[in-house]
Structures are given as C-alpha cells and as structure tokens.
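Naming convention: chains lettered A, B, ... in sequence-line order (proteins, then strands); numbering from 1 in each chain. Note: hydrogens, waters and symmetry copies are ignored here, and every other heavy atom, side chains too, is used.
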Amino acid sequence: MFLILREKKLSQKTNSSLQLLDIKLLYRALHLWFEQNRSDHFFRRNRNPYRVWVAEVALQQTRMSAALPKLQKFLEIFPNLSTLAGSTEDEVMRAWAGLGYYARARNLRKGAKFIMERYHATMPMTMPELLGIPSIGDYTAAAIASICYGLKVPVVDGNVIRIAARLLRKELPQNDKRLFNEAEKFMQQLVAGEKPGETNEAVMELGQKVCTVRNPLCEKCPFLKYCRTGQNGDHARFPLPKIKPEKVRVSWSILLLELNNQFGVHRYESFKFLKGHLGPPSLLQLANTAESKYSLLPSIFDSLLSQANRLAIKVSHTITNHAITVQVYHLTLKSLPTGLELDFFNLPELSERTPSSLLQKVYRSYENYRDGFRN
DNA sequence: AACGCGGGGGC
DNA sequence: GCCCCAGCGTT
C-alpha cells in the first residue's frame with residue numbers, strides 16, 4: 001500500500017509542475033550561484049529606473065557584448081530622463097547607431113517625453129502604468145518593476161523559456177504559447193521569494209552563461225539535480241524547434257519611373273508587403289502559388305514594364321518566411337501618363353521617407369549602379 | 001495574432 | 001548562407 005502511494009506520487013511529480021519544496025531548493029541554489037557568478041556590468045552599479053529601462057531596451061534581441069559599449073555611450077549622452085526627453089530624434093538615432101531595431105530608440109525618446117509630461121519626470125511604480133509607456137512591454141515592465149521596486153513579477157524571455165523547457169521537460173516548441181505559459185508559471189513561483197529582481201536577473205544570466213542554446217555547461221548548473229533533461233543528457237532536444245511556415249521564394253519587380261530626376265512612388269494600400277509604406281510601383285510573383293500581385297493597376301504596370309530597362313542590380317531580402325529577390329527596372333518618362341497617380345521625389349527624399357530596409361537597399365544599389373555608370 | 005525590425009555570432 | 005537572439009509597436 002505504501003509502495004503504491006509512493007509510486008503514484010513519484011509519477012505525478014515527473015508529469016506535473018514542480019512542488020513547493022523543489023521551488024525553495026531551486027531558489028536557494030539559484031541565488032547561491034548568482035552570488036558567485038553575477039557579472040559586474042557597469043549599468044548594474046548605479047541603478048535607477050531610467051538606467052534599468054534603457055539597458056533592458058538596449059538588450060532586447062541584442063547580445064550583451066554588442067550592446068554594452070553602445071549602451072555606455074548612450075547613457076553618457078543621455079544620463080537621465082530630461083536629457084533624453086529634451087533631445088532631437090536625430091541625436092537619439094546617432095547615439096543608437098549600430099544597435100539595430102531603430103524603433104527602439106525612437107520609442108525610448110517618446111517614452112521619456114511621455115514620462116516627463118504625464119508623470120512629472122518620475123517613473124511610475126506600478127505595472128499598468130509602466131505598460132502604458134512607449135517602448136515598455138511585458139518584459140521591460142517586469143524587469144523594471146522587479147529590479148527597481150521589488151515587485152514580485154516574473155520576466156519571461158528566451159532564456160527563461162529555454163530553462164523552463166529543459167528543467168520541466170516540456171515537449172513543446174520554442175514558440176508555443178503553452179510553453180510560454182509554463183515558463184511564466186515557473187517564474188511566478190520563483191519570484192515569490194525575497195528578492196524578485198535578483199531572481200529574474202539570475203535566471204536570465206543562468207541562461208546566458210550556463211543553460212546556453214548550444215553546448216550548455218550542465219555540470220556548472222545549480223539546477224542540475226532537479227533538471228529532467230540535464231540528468232539524461234538529452235537537454236539538447238529542448239525546447240523543441242520552432243514551428244514555422246516553409247520558406248517561400250518571392251520575385252519582386254520594382255519599377256523606377258524617372259521624371260525630371262525624380263522617382264514615382266505611391267502608398268501600398270493592399271499590397272502583400274510593406275502595407276502603408278510609400279514605394280515604387282511593384283509586382284510580386286510567389287514561387288509556390290504562381291500568383292501575381294500588383295501594387296497598382298496591372299494593365300498600366302505591365303505596359304510601363306514592357307518599355308522599361310531591366311537593370312543589372314542584385315538585391316536580396318528576407319521578410320519573415322519569404323526569401324525575396326528583387327529585379328529593378330528603370331524607365332524615363334517624358335510626362336506623367338494619364339491614370340497614373342504617383343508622387344515624385346528625388347532619391348535622398350525617397351530614402352528619407354522609407355523605413356523599409358528592402359527599399360533602402362534598392363535605392364542604395366540603384367545609386368551605386370548609376371554612379372558606376374558615370375565613372 | 002501576425003508581422004516587421006537589424007546587427008552580430010555560431011555553425 | 002542560415003539560424004538564433006535580454007521584445008515591442010502596429011495593424
């Protein structure tokens with residue numbers, strides 16, 4: 001009887017989430033590890049909500065090594081909320097140069113102005129208020145709230161998800177919402193302890209240094225005793241690979257219509273990509289379906305294309321699961337054909353109005369091509 | 001809920 | 001070359 005009960009308990013334990021006792025042991029092991037292994041990053045020395053915010057945003061989707069020098073520079077130029085709020089967008093973009101994801105910098109500045117006006121230059125201290133600030137989403141709000149204010153809110157990032165999947169042996173793909181929920185539940189238990197901010201940081205740093213994507217250092221892991229994959233040595237299978245749609249090859253024909261040294265563009269209203277963006281008349285052909293999509297009236301586009309020159313320009317770009325190769329065509333107009341509603345800009349103006357990196361590539365390589373011809 | 005953004009590093 | 005990453009805003 002005793003044996004049967006015991007067996008039942010064991011099997012429950014391996015199938016369901018961790019028990020309270022385990023959480024306490026994990027908590028202690030984690031913090032012991034963190035005390036001995038935490039990195040002495042410069043941005044951790046002088047901590048205020050502003051610096052934590054900027055650091056967390058800079059580190060989104062960006063490796064520590066790449067972000068650190070630029071983060072340091074950024075914080076020297078904009079040491080506090082008011083300097084950032086009082087800056088121009090150009091200044092912020094220059095300070096952010098090389099970090100990528102430039103919307104992060106624009107939104108950071110927007111957020112600083114928002115806090116100055118709405119909260120009189122003081123960072124709010126509750127999750128809902130933090131979440132209302134531009135550039136602050138679930139992750140960043142939880143990081144600020146736990147690190148700066150000691151709120152017991154869990155962060156869930158790629159590291160947390162990976163650790164949860166391996167520790168709890170969740171047979172779920174990396175981008176499965178259910179795995180995210182499991183990771184959040186796990187972290188909720190863990191941040192219920194004394195030092196939620198350090199707990200959040202510790203788990204992420206563990207993921208960065210020990211429970212790495214490839215070749216994790218399980219022998220150094222404070223969780224090894226409790227880990228349902230590290231024990232078997234089959235952690236490499238977890239989390240299961242992302243489920244993602246098949247890559248589709250796309251051919252994109254772009255028609256540069258030149259009139260008085262300016263180029264015609266229109267807004268992509270119901271085009272497949274770059275909806276709402278300003279771009280040249282375009283035709284898409286998807287490899288798998290053999291369907292064609294035009295950015296403007298097909299009859300007009302086809303007749304113009306037949307008069308245009310195909311340029312020897314090679315532009316490749318990926319948008320999500322689409323591998324795009326761009327063909328660039330050029331046609332000099334003498335006058336604007338009737339029925340063609342385009343706005344005309346010179347190349348610098350066009351570049352200015354184009355956030356899309358695909359179109360930026362096209363304009364840049366067209367300039368190179370043209371300049372090459374002159375030389 | 002899906003999609004676009006960007007640069008760096010591992011392989 | 002391709003894949004992955006300390007997410008967020010927009011649609």
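- The main-chain N or O of A:L59 is never found under 3.5 Å from a side-chain atom of A:R63 such that the two would form a donor-acceptor pair.
- The CG atom of A:L130 sits 15 Å away from the C1' atom of C:dC8 (whole-angstrom rounding).
- Sparse packing is recorded around CZ of A:R118, with 12 or fewer heavy atoms of other residues, nucleotides or ligands lying under 6.0 Å away.
- Checking the phosphate oxygens (OP1, OP2) of C:dC8, no side-chain nitrogen or oxygen of A:N107 falls inside 4.0 Å.
- For A:R214, whose side chain is taken as the heavy atoms from C-beta onward, the closest listed nucleotide among B:dG10, B:dG8, C:dC8 is B:dG10.
- Of the side-chain N and O atoms in A:N215, one or more sit less than 4.0 angstrom from OP1 or OP2 of B:dC11.
- With DNA chain C read from its 5' end, the first of the two nearest nucleotides for A:A55 and A:I136 is the one closest to A:A55.
- Applying the 4.0 Å criterion to OP1 and OP2 of C:dG9, one finds that A:Y101 has every side-chain N and O outside that range.
- If you measure from atom NZ of A:K70 to atom P of C:dA6, you get 18 Å, rounded to the nearest angstrom.
- Using a distance-only test at 3.5 Å, with no hydrogens or angles considered, no donor-acceptor pair links the side chain of A:R51 to the main chain of A:P79.
- In this structure, A:R45 places its CZ atom where more than 12 heavy-atom neighbours from other residues, nucleotides or ligands lie under 6.0 Å away.
- Listed nucleotides: B:dC5, C:dA6, C:dC8. Nearest to the side chain of A:D157: C:dA6.
- At the phosphate of B:dG8, neither OP1 nor OP2 sits under 4.0 Å from any side-chain N or O atom of A:S65.
- Nearest-nucleotide positions on DNA chain B place A:K177 closer to the 5' end than the other of A:R63 and A:K177.
- Note: CZ (A:R104) to C1' (B:dG4) measures 14 Å, nearest angstrom.
- The CG atom of A:N175 sits 13 Å away from the C1' atom of B:dA1 (whole-angstrom rounding).
- Following rounding to the nearest Å, A:L59 (CG) and B:dG8 (P) show an atom-to-atom distance of 15 Å.
- Other residues, nucleotides and ligands contribute only 12 or fewer heavy atoms inside 6.0 Å of the CZ atom of A:R28.
- Residue contacts for A:K272: at a heavy-atom cut-off of 4.0 Å it reaches no nucleic acid atom on any strand shown.
- Dashed line: the shortest gap from a side-chain N or O of A:Q174 to OP1 or OP2 of C:dC5 is under 4.0 Å.
- Judged by distance alone with a 3.5 Å cut-off, no donor-acceptor contact links the side chain of A:E205 to the base of C:dA6.
- Applying the 3.5 Å distance criterion, the base of C:dG7 shares no donor-acceptor pair with the side chain of A:Y139.
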